[in-house]
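Below is one structure, written out as structure tokens; comments come after it.
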Protein chains: 2
Amino acid sequence: MTETIFRTIRADILACRLLPGAKLKIAALAQRLDVSLGAVREALSRLSAEGLVVSETQRGFRVAPVSAADLTDLTTTRIEIESLCLRRAIAAQDVAWEAELLAAFHRLAHTPEREPNDAVRLADNWSRMHEAFHLALVSGCKSSWLLRLRGTLYMQSERYRRLSIPVARVDRDLVAEHRAIMDAAIARDAERATALLAEHLLMTARILLTAPELKEDPDSPSGEERGRRVRPQGSAAEKEPASA
Amino acid sequence: MTETIFRTIRADILACRLLPGAKLKIAALAQRLDVSLGAVREALSRLSAEGLVVSETQRGFRVAPVSAADLTDLTTTRIEIESLCLRRAIAAQDVAWEAELLAAFHRLAHTPEREPNDAVRLADNWSRMHEAFHLALVSGCKSSWLLRLRGTLYMQSERYRRLSIPVARVDRDLVAEHRAIMDAAIARDAERATALLAEHLLMTARILLTAPELKEDPDSPSGEERGRRVRPQGSAAEKEPASA
DNA sequence: GATGGCTATAAAATCGATTATTTGCCAGAT
DNA sequence: ATCTGGCAAATAATCGATTTTATAGCCATC
């Protein structure tokens with residue numbers, strides 16, 4: 001059904017198998033996924049409402065662009081929202097939450113960050129564990145609206161995180177960072193926990209902002225000739241064998 | 001095109017012409033709006049991603065339910081997000097922003113709250129002016145992500161606000177409330193401005209929470225016979241001549 | 001008399017074709 | 001030689017029909 005297509009395309013976008021700015025040709029996607037045009041169109045519409053895809057009337061869909069300005073805005077906003085969630089979670093702390101958080105951390109700490117044979121791409125499994133940890137961290141927050149907003153921002157960040165991996169030459173002890181945040185949260189030290197979380201998020205953004213990739217691949221500084229620069233359908237659409 | 005249908009259905013939901021929980025039959029909507037099935041389906045999908053419509057697999061779409069718990073959560077979340085926006089707007093204050101805010105307030109203050117002949121429904125025009133004022137208040141915030149989140153929550157609140165009007169027997173000086181918030185913002189008193197804004201939002205929620213309507217019409221206490229109660233296609237769909 | 005299965009009806013999901021729009025290209029004119 | 005106008009190919013948007021699925025009513029059996 002259309003839900004499957006929706007998730008498949010979203011996963012491709014989040015994992016950067018479909019590059020930012022790439023043109024999304026409905027017919028090509030339909031043939032590749034072996035479904036009808038309408039189904040793809042519906043999935044693209046939903047993605048558009050979630051902000052992962054942009055649609056221009058009568059001109060089709062493309063993957064939402066990335067830019068340094070967007071990453072900066074996204075990161076600062078995310079810090080504020082995640083902090084709100086984390087403070088509430090700490091205030092409503094209970095044993096079940098602590099247990100889940102410890103379990104999520106343990107799973108994350110023992111999952112290899114990259115695929116054994118592919119040193120450049122993030123492992124899908126690690127991404128899942130990472131998401132589960134951060135979700136466990138804030139899941140004590142009872143507000144479903146706040147968690148929903150957080151989820152939107154987390155999803156957007158996922159694209160940048162995947163983009164940043166080939167650039168991440170700095171060595172960084174992610175396990176220690178996550179452990180420090182968790183320890184502060186369990187110790188009910190909201191100030192310290194939110195400060196560590198903010199630094200954690202800022203670090204990721206900073207690494208990407210100093211990397212050259214974002215400067216030459218970005219959105220639209222002047223706005224014209226976008227298709228020319230990235231050559232989306234030629235390179236992105238053909239190089240990725242999809243369905244994975 | 002599908003964009004028009006999307007906006008039409010969204011306006012019907014926000015104005016409560018389509019009641020919360022009402023079943024949205026695709027065929028009926030398609031015939032009424034004189035478009036195809038696929039177009040309606042796509043519009044409903046986008047609404048679903050925005051949270052105004054819920055979809056159950058193989059069981060169609062219905063208008064997102066309302067409940068006292070959801071209103072409480074929505075209000076507290078909205079207070080936090082709007083406060084973040086307002087603080088940033090005040091920090092980045094400039095003359096252009098002040099001018100726009102004053103203009104928006106003046107328009108709002110001189111727009112009648114209800115239709116002259118219909119004392120029970122909110123005037124569409126007043127709703128537009130009210131939205132414009134609140135948008136002007138926070139538009140000094142440069143973060144497009146934060147403003148986007150705020151927009152989502154504002155839209156959700158709109159439904160409750162329209163629902164609350166037939167109940168609003170308490171007399172309330174909305175013009176004075178808005179003026180007080182504006183004055184504090186222009187005076188760069190962020191603490192006072194956010195406090196007044198919070199009280200403003202809480203007041204609206206409080207009025208609705210004490211009213212009986214939400215208690216008997218709410219989401220799904222037990223979950224059955226929901227279509228029976230509101231008879232959506234019979235009353236709501238037929239009484240409004242669409243296109244408005 | 002009640003319960004369980006079966007059938008009929010209605011609605012939702014999917015599909016392939018048709019129509020309209022845009023874009024790139026070629027030819028002709030200045 | 002270059003610019004402009006039209007033409008053709010590609011692609012997005014819309015539509016109506018078909019297929020699958022859920023629900024409700026009915027009959028048979030226990």
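Sequence lines set the chain letters: A, B, ... in the order given, protein chains first and strands last, and positions in each chain run from 1.
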Taking atom types as modelled, find out whether B:Ser45 and A:Ser45 have a side-chain donor-acceptor pair closer than 3.5 angstrom.
-> no
Euclidean distance, A:Asp124 CG relative to A:Met129 CE, rounded to 0.5 Å = 11.5 Å
Under a 4.0 Å heavy-atom criterion, the protein footprint on nucleotides 7-23 of chain D, written with B, S and -, is ----SSSBBB----SSS
Compare every heavy atom of B:Leu52 with every heavy atom of B:Ile13, then report the nearest pair and how far apart it is.
-> CD1-O, 4.1 Å
Under the salt bridge (charged side-chain N to carboxylate O under 4.0 Å, His left out) test, residues paired with A:Glu3 that sit two or more places apart | A:Arg7, A:Arg46
Set of salt bridge (charged side-chain N to carboxylate O under 4.0 Å, His left out) partners for A:Glu100, sequence neighbours left out | none
